[in-house]
Asks: 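Have a look at this one before I ask anything.
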Amino acid sequence: MNKRRGFGIWPLVLAVILLAVLLYDTMLLNRAGDYTYPQFLQDIQERADAIEEVIIVPNVEVPTGKVEVLWNDDSQSECYVTDVNEVQSLLKQTSVDRWFVTDAQRDSWLEKNGLLLGFGIIALVLFFSFISSQQGGSNSKMMNFGKSRAKMSDESAKETTFKKVAGLEEEKEELQEVVDFLKNPRRYTELGARIPKGVILVGPPGTGKTSIARSLAKALKKPYVRISLGGVRDEAEIRGHRKTYVGAMPGRIANGIRQAGVKNPLMLLDEIDKVSTDYKGDTFSALLEVLDSEQNYKFRDHYLEVPLDLSEVLFIATANSLQTIPRPLLDRMEVIEVTSYTENEKLHIATEHLIPKQLEKNGLKKEQLKISKNAVWKIASNYTKEAGVRQLEREIGNICRKAAKEILTTGKKSVTITEKNLFKYLGKEKFTYQMANAADEIGIVRGLAWTSVGGDTLQIEVNVMPGKGEIMLTGQLGDVMKESARTGISYIRSVSRDYQIADDFFEKHDIHVHIPEGAVPKDGPSAGITMATAMLSAITEQKVRADIAMTGEVTLRGRVLPIGGLKEKLLAAKNAGIKTVLVPKKNLADVEELSQEITKGLEILPVEHMEEVLKAAFVSEDQDKISGGE
């Protein structure tokens, strides 16, 4: 453990000050003596016969000086005078016969400058002790940044816990490995492992990415520096401006190091996916040198014009999506996905963190406001629609403010919020889940989608009508979903004989595919099997189970491809009252990693081909049509 040594220099400083004061006092006492100028004037008038001789010692360039009196009994007295010329005039008027003036005395260099020298030494000692204390103690190199005085872990050290981050057990386990790695790197480097220098946390807004970074800094006992990169489009924001420009200043990285005061802080690069590029330079390219451990030990800031060592900085980046981040930049960091909170996790976060925080902010005591678990559950379900807990915290804050006002105006001692009186404080419900349909229907299939605020369900509707073989796609579908619909119809046409579809059916009928909520843009590669099932159901007039939902992409030959965002999609299905979910077989590994809280109550069926999808989704007594005429 590196102990702080900032106070080790102070005993020496105090000793020097004491020695200087004692030396100065001694010099003054020796010079002053007990003989005064008024006594000298009295003696030359009344005791002139007892004086053997008087010696006048003037100072250089000034009329002051010293008078030495030698007595007949071989004793000696001396005093300081302000005007030696006046003394000579007085001696001429007395009976003192023997007196004379010696050469002007010159004080020694130590007598004249000793005090100034002493205080100069003290000032230098104080200055360097201050610099040393600011730079990491007495072992630090002068005029260099010091290291953070972090404790080194040992086997007996207590494990670090992320107490202020609820849920996210898998993500916290990965971060715990990073903490252990950085606390005792020798144990890992002996095995040939490399110390991680960059981590990117990817997930929806409000899922605790910044809280994780703060907890990580606290766990490692490193200074925490946050740099917001949202909207940064000038390369000089990272590298700094050249000094030839008016208003030049260092870049944000150099400023962050200066703010931390050490060379090995934890630096949070917030919203790295919001960085943009324009004619002033490529900001992402500038970040490559910052995050590349092979280059950043000599990072050059244009303003500093000297290499800046960033090799010991732990960079934590946050992003909502990886789509806008260049691949070379992603290769420099460890990617950790921070997924959505479950309803149970939101409940724990609200009761353990958000409610106490808002009570303190609004000046309420714990016994003055009580919010039931059912009320918290309803707030999370019907008053917020998000992957994180930001809006949930705002709604709890609204309740606290209204409760405080009610206590103040009515004189109540406490307020209790339940599921029944929640309407009084938050108004009508803002969001309702599109629950599973009550009855099986033709041409309507429930799909699952991932959004920036978590998972959602999409009800895909298909109608078939007489026409000229056109395919209409509505509902603000993106290019990927349009291609999925065309791929699905091509697959259906290729297997039309197996489902007893007339050869001229597609020439005489139009097919209209619609996804409700047309004002919301929709896109993604996971609705292929859903649209294909809905179209085949409408064409063959086979009903689809109302309690089933599905996700996956389809190929021309009917193969089902894997998808992402499975956790959010399953949460959305569970909230909508879905009982059975069809997922690609290649996503089984993702299903096994999910907690029982998510999968409980859901029947998850892995599918590999469209035939398996249709067999599970259709409700029909004619199994020959479903199985392809077997």
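Note that the structure is a prediction, hence the values are computed from the model and not measured.
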Asks: Kindly write out the residues that satisfy salt bridge (charged side-chain N to carboxylate O under 4.0 Å, His left out) with E395, not counting sequence neighbours, or none if the list is empty.
Replies: K430

Asks: Please check if any side-chain donor atom of N374 sits under 3.5 Å from a side-chain acceptor atom of S372, or the reverse.
Replies: no

Asks: Go through the steps for L458 and L448 under the test side chain to side chain contact (heavy atoms under 4.5 Å, CB included), then give the verdict.
Replies: CA-CA 6 Å; L458 296 176; L448 301 176; over 6 Å; no

Asks: Find out whether K567 and I598 are in side-chain contact, i.e. whether some heavy atom of one side chain is under 4.5 Å from a heavy atom of the other.
Replies: yes

Asks: So, does K402 use its side chain to make a donor-acceptor pair with the main chain of Y425 at under 3.5 Å?
Replies: yes

Asks: Closest heavy-atom contact between V225 and P265?
Replies: CG2-CB, 4.4 Å

Asks: Of all residues at least two apart in sequence or in a different chain, which pass the salt bridge (charged side-chain N to carboxylate O under 4.0 Å, His left out) check with K274?
Replies: E271

Asks: So, does K413 use its side chain to make a donor-acceptor pair with the main chain of Q368 at under 3.5 Å?
Replies: no

Asks: Between K569 and S526, does any side-chain donor sit less than 3.5 Å from a side-chain acceptor?
Replies: yes

Asks: What closest approach, in Å, do G388 and K346 show between heavy atoms, and which atom pair accounts for it?
Replies: O-CE, 3.4 Å

Asks: Taking all atoms of both residues into account, what is the closest heavy-atom pair of C400 and L364, and its distance?
Replies: O-CD1, 3.5 Å

Asks: With a 3.5 Å distance limit and no angle check, can you tell me whether N575 reaches the backbone of L571 through a side-chain donor-acceptor pair?
Replies: yes

Asks: Count the heavy atoms of every other residue, nucleotide or ligand shown that sit under 6.0 Å from CD of E597, and state whether that count exceeds 12.
Replies: yes

Asks: Will you find, in the side chains of Q459 and N437, an N or O donor that is under 3.5 Å from an N or O acceptor?
Replies: yes

Asks: Can you find a heavy atom in the side chain of I227 that is under 4.5 Å from one in the side chain of L268?
Replies: no

Asks: Scan for salt bridge (Lys or Arg N to Asp or Glu O under 4.0 Å) pairs involving residues 365-379, sequence neighbours excluded, and state none if there are none.
Replies: K378-E429

Asks: Quick check: does any side chain N or O of T384 sit under 3.5 Å from a backbone N or O of E386, one acting as donor and the other as acceptor?
Replies: no

Asks: Taking all non-hydrogen atoms of both residues, which atom of G577 and which atom of M435 are closest, and how far apart?
Replies: N-CE, 3.8 Å

Asks: For R401, which residues count as a side-chain hydrogen bond (donor to acceptor under 3.5 Å, both in side chains) partner, sequence neighbours excluded?
Replies: N398

Asks: If you round to the nearest 0.5 Å, how far is OG of S484 from CG of L477?
Replies: 9.5 Å

Asks: Could you check whether any side-chain heavy atom of V335 comes within less than 4.5 Å of a side-chain heavy atom of V202, counting everything from C-beta outward?
Replies: yes

Asks: D309 side chain to S311 main-chain N or O, any donor-acceptor pair under 3.5 Å?
Replies: yes

Asks: In Å, rounded to the nearest 0.5 Å, how long is the span from CD1 of I257 to CG of L310?
Replies: 5.5 Å

Asks: Quick one: list whatever passes side-chain hydrogen bond (donor to acceptor under 3.5 Å, both in side chains) with R226, sequence neighbours left out.
Replies: D270

Asks: Rounded to the nearest 0.5 Å, what separation is found between the CD1 atom of I548 and the CG atom of L605?
Replies: 6.5 Å

Asks: Does the N320 side chain pair with the main chain of G203, one donor and one acceptor, at a distance under 3.5 Å?
Replies: yes

Asks: Looking only at heavy atoms, which two atoms of A439 and A546 are closest? And how far apart?
Replies: O-CB, 3.4 Å

Asks: Which residues pass the side-chain hydrogen bond (donor to acceptor under 3.5 Å, both in side chains) test with D547, sequence neighbours left out?
Replies: R545

Asks: T474 versus V513: any side-chain heavy-atom pair under 4.5 Å?
Replies: no

Asks: Got a sec, which residues hit salt bridge (charged side-chain N to carboxylate O under 4.0 Å, His left out) with E406, two or more places apart in sequence or on another chain?
Replies: K412, K424

Asks: Which value, rounded to the nearest 0.5 Å, describes the distance between Q358 atom CD and R394 atom CZ?
Replies: 10.5 Å

Asks: Run the salt bridge (charged side-chain N to carboxylate O under 4.0 Å, His left out) test on E289 and R239 for me, step by step, so that the C-alpha distance in whole Å, both residues' side-chain angles and the decisive distance to 0.1 Å come before the verdict.
Replies: CA-CA 10 Å; E289 185 181 358; R239 293 185 183 273; 2.6 Å; yes

Asks: Tell me whether N421 contacts the main-chain N or O of T416 through its side chain, where contact means a donor paired with an acceptor under 3.5 Å.
Replies: yes

Asks: Looking at CZ of R332 and CG of L291, how far apart are the two atoms once the value is rounded to the nearest 0.5 Å?
Replies: 8.5 Å

Asks: Listed by chain and number, what are the salt bridge (charged side-chain N to carboxylate O under 4.0 Å, His left out) partners of E553, not counting sequence neighbours?
Replies: none

Asks: Are any side-chain N or O atoms of Y383 and backbone N or O atoms of L426, one a donor and one an acceptor, separated by less than 3.5 Å?
Replies: no

Asks: Between OG of S381 and CG of L347, what distance do you get to the nearest 0.5 Å?
Replies: 10.0 Å

Asks: Taking only residues two or more places apart in sequence, or in another chain, which ones meet A576 in a side chain to side chain contact (heavy atoms under 4.5 Å, CB included)?
Replies: R446, T457, I578

Asks: If you define the side chain from C-beta out and look only at heavy atoms, does anything of L330 sit under 4.5 Å from L322?
Replies: yes

Asks: Look at the side chain of N264 and the backbone N and O of V313, then say whether any donor-acceptor pair between them is shorter than 3.5 Å.
Replies: no

Asks: Checking A317 now: which residues fulfil side chain to side chain contact (heavy atoms under 4.5 Å, CB included) with it, not counting sequence neighbours?
Replies: I200, L269, I272, M333

Asks: I need the minimum non-hydrogen distance between L392 and A350, along with the two atoms involved.
Replies: CD2-CB, 4.1 Å

Asks: In the structure I gave you, are the side-chain heavy atoms of P525 and I563 within less than 4.5 Å of one another anywhere?
Replies: no

Asks: Would you say the side chain of P516 lies within less than 4.5 Å of the side chain of H514, judging by non-hydrogen atoms?
Replies: yes

Asks: Is there a side-chain contact between E393 and K357, using heavy atoms and a 4.5 Å cut-off?
Replies: yes

Asks: Any side-chain donor paired with an acceptor under 3.5 Å for N255 and R258?
Replies: yes

Asks: Does P562 offer a backbone N or O that forms a donor-acceptor pair with the side chain of N587 under 3.5 Å?
Replies: no

Asks: Going by the rule side-chain hydrogen bond (donor to acceptor under 3.5 Å, both in side chains), which residues pair with T530 if we only count those two or more places apart in sequence or in a different chain?
Replies: none

Asks: May I have the step-by-step check of side chain to side chain contact (heavy atoms under 4.5 Å, CB included) for K209 and T207, ending in yes or no?
Replies: CA-CA 6 Å; K209 298 184 291 296; T207 50; 3.6 Å; yes

Asks: One pair to check against side chain to side chain contact (heavy atoms under 4.5 Å, CB included): L422 and I399. What are the steps and the verdict?
Replies: CA-CA 9 Å; L422 189 61; I399 293 176; 3.8 Å; yes

Asks: May I have the step-by-step check of side chain to side chain contact (heavy atoms under 4.5 Å, CB included) for L201 and I316, ending in yes or no?
Replies: CA-CA 7 Å; L201 305 175; I316 305 290; 4.1 Å; yes

Asks: What residues form a side chain to side chain contact (heavy atoms under 4.5 Å, CB included) with D301, not counting sequence neighbours?
Replies: P250, A254, F299, Y303, L304

